[in-house]
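Following: one structure in structure tokens, then a few remarks.
Convention: sequence-line order gives letters A, B, ...; per-chain numbering from 1. Fair warning: this is a prediction, and the values are worked out from it, not measured in the lab. Heavy-atom basis, side chains included; hydrogens, waters and symmetry copies ignored.
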Amino acid sequence: MNAVTIRHVLNTIAEMFPDARCELNHRNPFELTIAVLLSAQCTDETVNKVTATLFDKYRTPQDYLNVPLEELENDIRRIGLFRNKAANIQKLCRLVIDKHNGEIPRKHEELTELPGVGRKTANVVVSNAFDEPAIAVDTHVERVSKRLGIAKADDSVLEVEKKLMRKVPRDEWTITHHRLIFFGRYHCKAQNPKCDVCPILEHCKEGKSRMKAALKKRSTTK
DNA sequence: AACTCGGGGCA
DNA sequence: TGCCCAGAGTT
């Protein structure tokens, strides 16, 4: 896909989701980091239900260390992978207090040293809390990029990120990340993507083949 | 590269 | 019921 086509595709997606943004509830970098860590493999909606009360009880890194692990587990029990996440949160808080003076670090390398914080989480934190341009590649961004042909099907997550960064102006990385996520979550879904009403179908290799397959199936079953 | 963690959402 | 999901860590 050439540069002009990518520009057109991204502009169209931008028109489809003009309000795309981070949907996690948070008031500061620390709360955002906790929220993103909790969001692995579950929706932001679920995370927000939990953090709505969680962030009243736990306001500082020390607050998370002042309770037994079992209590923290119980407080986030409605979220998947809660045992891993609870343990990671306490280790993370210990590290933030001991090595970073109680503040979430701003540097990407320091963020990924925190337990439970990988490349994707770190990118979300630097872009949403510290205004540093980043494209966090989650399942939505990866799937959409590969379907559209911006990345290849067998590209690693890191390769997808590199290609997006190369093909999108730096000052649009963060907003593009959010737009691709909305596009993937509400339109170009993993199951039953809305190819039949997709405004960029003509630029989508997988979408066109999907439509062709659907058409063939309809004619044979008739 | 494959596996595990895991409750919630959705068909 | 069964399947997948705004991932990260380990093997």
### Nucleotides bounding contact with chain A, strand DNA chain B, heavy-atom threshold 4.0 Å
B/dC5 to B/dG9
### Residues forming a side chain to side chain contact (heavy atoms under 4.5 Å, CB included) with A/Phe82, sequence neighbours excluded
A/Glu73, A/Ile76, A/Arg77
### Message
Check this for me, if you would: do A/Lys163 and A/Glu159 make a salt bridge, where the nitrogen-to-carboxylate-oxygen distance has to be below 4.0 angstrom?
### Response
no
### Gap in Å between the two P atoms, one belonging to C/dC4 and one to B/dC3, rounded
14 Å
### Query
Counting only N and O atoms by type, is there a donor-acceptor contact under 3.5 Å from the side chain of A/Asn48 to the main-chain atoms of A/Asn25?
yes
### Query
Can you name the residues that form a salt bridge (Lys or Arg N to Asp or Glu O under 4.0 Å) with A/Asp131, not counting sequence neighbours?
none
### Query
Under a 4.0 Å N-O cut-off, is there an ion pair linking A/Glu113 with A/Lys107?
no
### Query
Is A/Glu45 touching bases, backbone alone, or none of the nucleic acid, heavy atoms closer than 4.0 Å?
nothing
#### Entry: Pairing of A/Lys57 and A/Glu71 as salt bridge, 4.0 angstrom limit
yes
### Query
How would you label the contact of A/Lys189 with the nucleic acid (heavy atoms, under 4.0 Å): base, sugar-phosphate, or nothing?
nothing
### Message
Counting the atoms with a prime plus P, OP1 and OP2 as sugar-phosphate, which does A/Ala190 contact under 4.0 Å by heavy atoms, base, sugar-phosphate, or nothing?
### Response
sugar-phosphate
### Apart from A/Leu65 itself, residues in the same hydrophobic cluster as defined by side-chain heavy atoms under 4.5 Å
A/Ile97
## Note on the structure
Across all chains, not counting sequence neighbours, the ring pair (Phe, Tyr, Trp, His ring centres under 6.0 Å) partners of A/Tyr186 are A/Phe182
### Task
Between A/Phe82 and A/Asn192, just flag the one whose closest nucleotide in DNA chain B comes earlier from the 5' side.
A/Phe82
Protein-nucleic acid N or O pairs under 3.5 Å, nucleotides 7-11 of chain C:
unit_1, atom_1, unit_2, atom_2, d
C/dG7, OP2, A/Gln41, N, 2.8
C/dG7, OP2, A/Gln41, OE1, 3.3
C/dG7, O5', A/Gln41, N, 3.4
C/dG7, N7, A/Gln41, OE1, 3.2
C/dA8, OP1, A/Gly118, N, 3.1
C/dA8, OP1, A/Thr121, N, 2.9
C/dA8, OP1, A/Thr121, OG1, 2.5
C/dG9, OP1, A/Gly116, N, 2.9

### Message
I'd like the P distance from C/dT1 over to B/dG6, given in whole Å.
### Response
23 Å
